Amino acid sequence: MAATDLERFSQNADPEPRNLSLGGHVGFDSLPDQLVSKSVTQGFSFNILCVGETGIGKSTLMNTLFNTTFETEEASHHEECVRLRPQTYDLQESNVQLKLTIVDAVGFGDQINKDESYRPIVDYIDAQFENYLQEELKIRRSLFDYHDTRIHVCLYFITPTGHSLKSLDLVTMKKLDSKVNIIPIIAKADTISKSELHKFKIKIMGELVSNGVQIYQFPTDDEAVAEINAVMNAHLPFAVVGSTEEVKVGNKLVRARQYPWGVVQVENENHCDFVKLREMLIRVNMEDLREQTHSRHYELYRRCKLEEMGFQDSDGDSQPFSLQETYEAKRKEFLSELQRKEEEMRQMFVNKVKETELELKEKERELHEKFEHLKRIHQEEKRKVEEKRRELEEETNAFNCRKAAMEALQSQALHATSQQPLRKDKDKKN
Ligand code: GTP
Ligand code: MG
């Protein structure tokens with residue numbers, strides 16, 4: 001390549017963008033509209049995780065937030081451990097479709113030993129990240145119609161004690177804060193007085209800061225919402241009241257909780273922060289929550305997971321990351337490891353065979369010795385029996401001789417006695 005070509009090539013490789021003014025209307029100013037229309041057709045998914053003690057008002061708040069009745073049965077107080085129960089609903093408002101998943105941490109805080117209460121929640125969040133990662137790593141991915149189940153926000157329900165956060169709350173929030181956007185809320189805020197609530201909020205925020213728990217901050221970098229988000233950040237944690245009842249106030253039916261001494265209106269900002277929560281969660285920051293989940297929490301999970309698998313952005317000489325090189329290196333590493341393992345197993349097998357052979361030989365020798373010993377005993381026995389037989393034979397012979405002599409004597413005696421009377425008769429006659 002000629003020197004001038006090379007110069008031109010290197011110039012083209014990193015060209016400076018030039019500003020041009022258009023002669024007329026082209027049409028790419030409709031790009032945002034195309035994006036909106038595509039997103040509307042595709043629909044959205046939003047996943048909320050509710051963490052809080054049994055009966056703290058999770059289901060009621062969800063019903064109040066989305067102004068509907070989700071069919072959820074009351075959770076048992078006798079679960080052995082925390083169980084995550086996801087339920088998905090298809091909602092529609094105007095022409096926007098929302099696939100809403102509400103995940104309930106059933107049985108949270110019910111166990112005597114609460115050391116591991118956070119684990120099923122962490123595992124569930126990780127499992128959703130893992131599913132997404134697996135889909136991304138597939139050869140044939142279908143992320144377009146993939147049902148994204150990653151948790152976009154965790155509403156952490158704080159018991160309105162008026163004192164301080166429980167250690168279970170602090171531990172759980174600390175374990176979750178790098179995995180999900182946490183919005184802490186004080187539940188059943190109608191059970192705590194106004195002055196106590198103010199102090200309680202300050203105490204909670206102080207405890208969260210001193211324990212290094214990172215909660216979700218409404219973003220203030222977008223001018224359009226910076227002001228309202230900054231104001232709302234100062235109101236955290238929101239103190240909320242939930243209700244599915246409608247009560248007549250003036251001539252209007254409003255969602256409220258009616259008590260003998262008065263009515264707590266859910267949507268009255270003097271009574272609670274429900275409206276603030278709904279504004280922040282749904283109307284203003286839903287997209288930011290989705291984006292933060294993808295760009296911050298999922299990214300962190302993905303990075304750790306890929307690093308665990310041996311992938312790295314750059315090597316020692318800060319070369320750019322190459323998937324193929326890393327894959328080749330990993331493959332080589334894996335094959336040599338496999339070979340090493342195979343060799344180790346082969347050696348182990350040979351040693352085992354040798355050991356067994358030796359054992360068998362030893363056994364054979366022992367058996368042989370045993371056989372020889374038994375043979376000797378047998379011969380000895382045989383010899384003794386033979387001796388006994390001979391002795392017996394001799395005794396039998398002697399006995400037979402004696403018997404014959406006896407018989408001879410007996411017959412002689414018999415003969416003699418039979419001769420005697422004849423002789424007497426003869427004598428008498430004579
Ligand atoms: P589980 O699903 O069983 O864990 O309960 P949950 O956390 O979903 O609570 P749920 O919404 O079923 O409410 C439990 C009880 O608390 C019900 O009697 C509700 O009426 C009541 N409740 C809910 N929200 C509030 C509230 O803001 N203030 C008061 N005072 N009571 C509430
Ligand atoms: Mg419930």
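The residues of the chain are indexed from 1 along the displayed sequence. Owing to the predicted nature of the structure, the values given are computational and were not obtained by experimental measurement. Both ligands and their constituent atoms are indexed starting at 1 by order of listing.
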N or O contact, [X] vs ligand 1, cut-off under 3.5 Å:
X	answer
Thr191	no
Arg85	no
Val241	no
Ile56	yes

Close side-chain approach of Val240 to Leu61, heavy-atom, < 4.5 Å: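 The answer is yes, as the side chains (C-beta and beyond) meet within the 4.5 Å cut-off.
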Establish, from distance only, whether the side-chain atoms of [X] and [Y] form a donor-acceptor pair under 3.5 Å.
X	Y	value
His235	Asp273	no
Glu130	Gln134	yes
Tyr156	Asp169	yes

Could you tell me whether the Mg ion (ligand 2) has an N, O or S atom of Thr54 under 2.8 Å away?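 Within the cut-off used here (under 2.8 Å), Thr54 places no N, O or S atom near the Mg ion (ligand 2).
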Identify the heavy atoms of Glu136 and Arg141 that sit nearest to each other, and give their distance.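 Closest pair (atom of Glu136, atom of Arg141, distance): O-CD, 2.8 Å.
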Could you report the tightest heavy-atom contact between Lys99 and Thr88, atom names first, then the distance?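 Residues Lys99 and Thr88, closest heavy atoms: CG-CG2, 3.7 Å.
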Enumerate the atoms of ligand 1 whose separation from the nearest heavy atom of [X] is less than 4.0 angstrom.
X	answer
Lys58	4 (O), 6 (P), 7 (O), 8 (O), 9 (O), 11 (O)
Tyr259	29 (C), 30 (N)
Thr60	10 (P), 11 (O), 13 (O), 19 (C), 23 (C), 24 (N)
Ser59	2 (O), 6 (P), 8 (O), 11 (O)

How does Phe108 reach ligand 1, if at all, at less than 4.0 Å between non-hydrogen atoms: by side chain, backbone, both, or neither?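 No part of Phe108 comes within reach of ligand 1.
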What do we get for Thr54 next to ligand 1 when only non-hydrogen atoms under 4.0 Å count, side chain, backbone, both or neither?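 Both backbone and side chain of Thr54 come within 4.0 Å of ligand 1.
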Checking salt bridge (charged side-chain N to carboxylate O under 4.0 Å, His left out) between Glu344 and each of Lys341, Arg346, Arg340, which is the one that passes?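 That would be Arg340.
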Taking the non-hydrogen atoms of Phe274, is any one of them nearer than 4.0 angstrom to ligand 1?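 Not so, Phe274 does not reach ligand 1.
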CD (Glu227) with more than 12 external heavy atoms under 6.0 Å: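 No - once you tally the heavy atoms of other residues, nucleotides and ligands closer than 6.0 Å, there are 12 at most.
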